[in-house]
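These values consider heavy atoms only, across backbone and side chains, with no hydrogens, waters or symmetry-generated copies.
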Amino acid sequence: MEFNIPELGENINSGTVVSVKVKVGDIVQKDDVLFELETEKAVLEVPAPESSKIVKVLIENGQDVEVGEHILDFEPQEEILKEHNEIIEKTILPKTEVNTNLSKTDAKILPAASPSVRREARNLQVDLEKTEGSGSHGRILSEDLEKTKEGGIRRVPMSKLRKTIARNIEHSYFNIPQVTQNDEADITSMEEFRKNSSTSSFKISPSAMILKVLSKALRKFPEFNASIDMEKGEILYKEDINIGVAADTKDGLLVPVIFHADQKSLSEIASELIEKSEKARSRKLTIDEMKGSSFTFTNLGSIGGSFFTPIIPSGEVAILGVGRSSIKPKYIDQAFLPKLFLPLSLSYDHRLIDGAQAVRFLRWIVNSLENPWYMEVDS
């Protein structure tokens, strides 16, 4: 029986094979993973539809495929049992010797390499027959091409994820008149509150604290939890507060969503943030976990830097970014005291949000972070 690429999700018509998990002759059970497929939004595990035997594999790592494409053949479980019984009934004959005395001309084959490596080699103008492969059985890998190419420009095809990120940012940058408002919050008390709220087995991160405050701010300032329909001349105020949290991974930027953030306790937000961050790093996020955000939050503090200009995602009207906190002097009661300050950068769509509104929104967040004892931990 033929197995074709199934439907992958709304508006997803193709993908790239990341890892083929089966080979000819394998026996798989229903829901075993056949292969992993990278789409524009996530890496998906494609399961076996039923218990069966793999009889033909038509794909390999790095290959681009489309929904509906024939990619392997399998025998259903009843066919496997029938074949097994027939083998038992027959006498196993000695193997026939095969003449392997081939001439050098007959033995010459094309270099072993995946289609994606062959495409890359063409772009780099690298002769595969003169390239030594470091993969299994001398298979030529992408890194082997890099060692061969000396100087010049090295062209590497974008992954589908990187293409999606590039398109989204390009669309936002050229279609949204955005302004960035910067401010600082004295989070000395917040850090003390955070450490006291954490336990030896469960740590509450600064991001969880900020998300808790941000969810309350979005309920108080609904114009930041909205989008614009310019064709109809309408503002779409969103009832649910779903905050996308930008996660830096080795493959690029992924944005899992904390749904109904304003209805969750600080500990619930902290726990979900840990879970989805780990899934993002291992590329196990589902498409549903990365769509439906109404506002986006990005934290670069673990890397460094202070103020920056985060780009507003398409379909939203604002984004909050934070940098690395640092100790600065603060003048209190005729003396300078060391305090921990957090830099905040709010980019907003000027078509809907005026500067005064942006300042009020950001100052409300700053005041809440500086007075953490008003934060509702469990509600």
Side-chain angles (χ1 to χ4, degrees), residues 179-221 224 243-248 253 258 261-262 264-278 280-281 295-310 318-348 358-379:
V179 181
T180 302
Q181 174 69 32
N182 298 315
D183 209 331
E184 287 184 307
D186 177 355
I187 59 169
T188 308
S189 296
M190 188 197 85
E191 272 299 282
E192 183 180 352
F193 178 89
R194 182 182 70 83
K195 291 175 182 178
N196 291 336
S197 299
S198 299
T199 65
S200 58
S201 59
F202 182 75
K203 302 294 183 183
I204 294 176
S205 67
S207 287
M209 300 279 289
I210 298 167
L211 285 171
K212 178 67 177 179
V213 168
L214 180 57
S215 68
K216 299 297 183 182
L218 291 171
R219 183 61 69 196
K220 183 174 180 64
F221 298 87
F224 288 84
I243 303 177
V245 182
D248 178 40
L253 191 68
I258 306 295
D262 62 319
K264 294 177 178 176
S265 67
L266 177 57
S267 57
E268 287 173 333
I269 291 175
S271 178
E272 187 172 342
L273 187 59
I274 292 171
E275 176 192 355
K276 289 188 173 176
S277 296
E278 291 175 349
R281 285 190 290 271
F295 187 98
T296 298
F297 168 72
T298 178
N299 187 347
L300 300 182
S302 62
I303 303 172
S306 54
F307 299 106
F308 61 106
T309 304
I319 178 173
L320 178 67
V322 301
R324 174 171 290 180
S325 57
S326 60
I327 298 292
K328 293 183 179 182
K330 185 176 183 179
Y331 192 70
I332 303 174
D333 295 332
Q334 298 183 341
F336 285 101
L337 300 177
K339 296 291 182 178
L340 185 64
F341 281 89
L342 178 72
L344 299 101
S345 300
L346 174 71
S347 292
Y348 56 93
V359 172
R360 293 188 189 101
F361 177 76
L362 196 52
R363 287 309 301 172
W364 193 93
I365 291 174
V366 169
N367 290 332
S368 297
L369 293 176
E370 291 182 345
N371 296 277
W373 42 86
Y374 292 119
M375 188 179 299
E376 301 172 22
V377 177
D378 297 317
S379 63

Stepwise side-chain hydrogen bond (donor to acceptor under 3.5 Å, both in side chains) test for Ser207 and Ser205: CA-CA 5 Å; Ser207 287; Ser205 67; 4.7 Å; no
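- Using a distance-only test at 3.5 Å, with no hydrogens or angles considered, a donor-acceptor pair links the side chain of Ser215 to the main chain of Lys212.
- Looking at every heavy atom in both residues, Leu253 comes nearest to Ala246 through CD1-CB, 3.8 Å.
- Using a 4.5 Å heavy-atom threshold, the side chains of Thr309 and Ser347 count as touching.
- The side-chain heavy atoms of Ser198 and Lys195, taken from C-beta on, include no pair separated by under 4.5 Å.
- The backbone N or O of Met209 lies less than 3.5 Å from no partner atom in the side chain of Arg194, so there is not a single donor-acceptor pair.
- Two residues are said to be in side-chain contact when any heavy atoms from C-beta on lie closer than 4.5 Å; Lys328 and Pro338 fail this criterion.
- Taking CD1 from Ile274 and CD1 from Ile204, the interatomic distance works out to 9.0 Å, rounded to the nearest 0.5 Å.
- Listed for the Glu275 side chain is no donor-acceptor partner under 3.5 Å among the backbone atoms of Glu272.
- Within the 4.5 Å cutoff, side-chain heavy atoms of Trp364 are placed close to those of Ser368.
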Steps toward side-chain contact (heavy atoms from CB on, under 4.5 Å) verdict (Leu340, Ser326): CA-CA 5 Å; Leu340 185 64; Ser326 60; 5.6 Å; no
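- Note that CG of Asp248 is 8.5 Å distant from CG of Leu300, once rounded to the nearest 0.5 Å.
- Atom-to-atom distance recorded for Thr188:OG1 and Met190:CE is 9.5 Å, nearest 0.5 angstrom.
- Between Phe297 and Leu214, some side-chain heavy-atom pair lies under the 4.5 Å cut-off.
- Nearest heavy atoms, Glu184 versus Pro343: CG-CA, 4.3 Å.
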Pair Leu344-Leu369, side-chain contact (heavy atoms from CB on, under 4.5 Å): steps then yes or no: CA-CA 11 Å; Leu344 299 101; Leu369 293 176; 4.2 Å; yes
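- Comment: Lys330 engages Asp186 in a salt bridge, judged by a side-chain N to carboxylate O separation of less than 4.0 angstrom.
- Scanning all heavy atoms of the two residues, the minimum distance from Ala358 to Leu346 falls at O-CD2, 3.8 Å.
- Residues Asn182 and Leu362 come closest through the heavy atom pair C-CD2, 4.1 Å.
- Between the CG atom of Leu273 and the NZ atom of Lys264 there is a distance of 11.0 Å, given to the nearest 0.5 Å.
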Verdict with supporting geometry, Phe202 and Thr199, side-chain contact (heavy atoms from CB on, under 4.5 Å): CA-CA 5 Å; Phe202 182 75; Thr199 65; 3.5 Å; yes
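- Put simply, CD1 on Ile269 and CG on Leu211 are 6.0 Å apart, with the number rounded to the nearest 0.5 Å.
- More than 12 heavy atoms of other residues, nucleotides or ligands lie within 6.0 Å of CZ in Arg219, so this atom counts as buried by the packing criterion.
- Within the model, atoms CD of Gln181 and CG of Leu320 stand 11.5 Å from one another, a figure rounded to the nearest 0.5 Å.
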Residue pair Tyr348, Ile319: steps toward the side-chain contact (heavy atoms from CB on, under 4.5 Å) verdict: CA-CA 7 Å; Tyr348 56 93; Ile319 178 173; over 6 Å; no
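- Using a 4.5 Å heavy-atom cutoff, the side chains of Phe341 and Ile187 are not in contact.
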Stepwise side-chain hydrogen bond (donor to acceptor under 3.5 Å, both in side chains) test for Thr180 and Ser345: CA-CA 6 Å; Thr180 302; Ser345 300; over 6 Å; no
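- Ring-plane geometry between Phe361 and Phe224 is classed as parallel, the angle between the planes falling under 30 degrees on a 0 to 90 degree scale with a further cut at 60.
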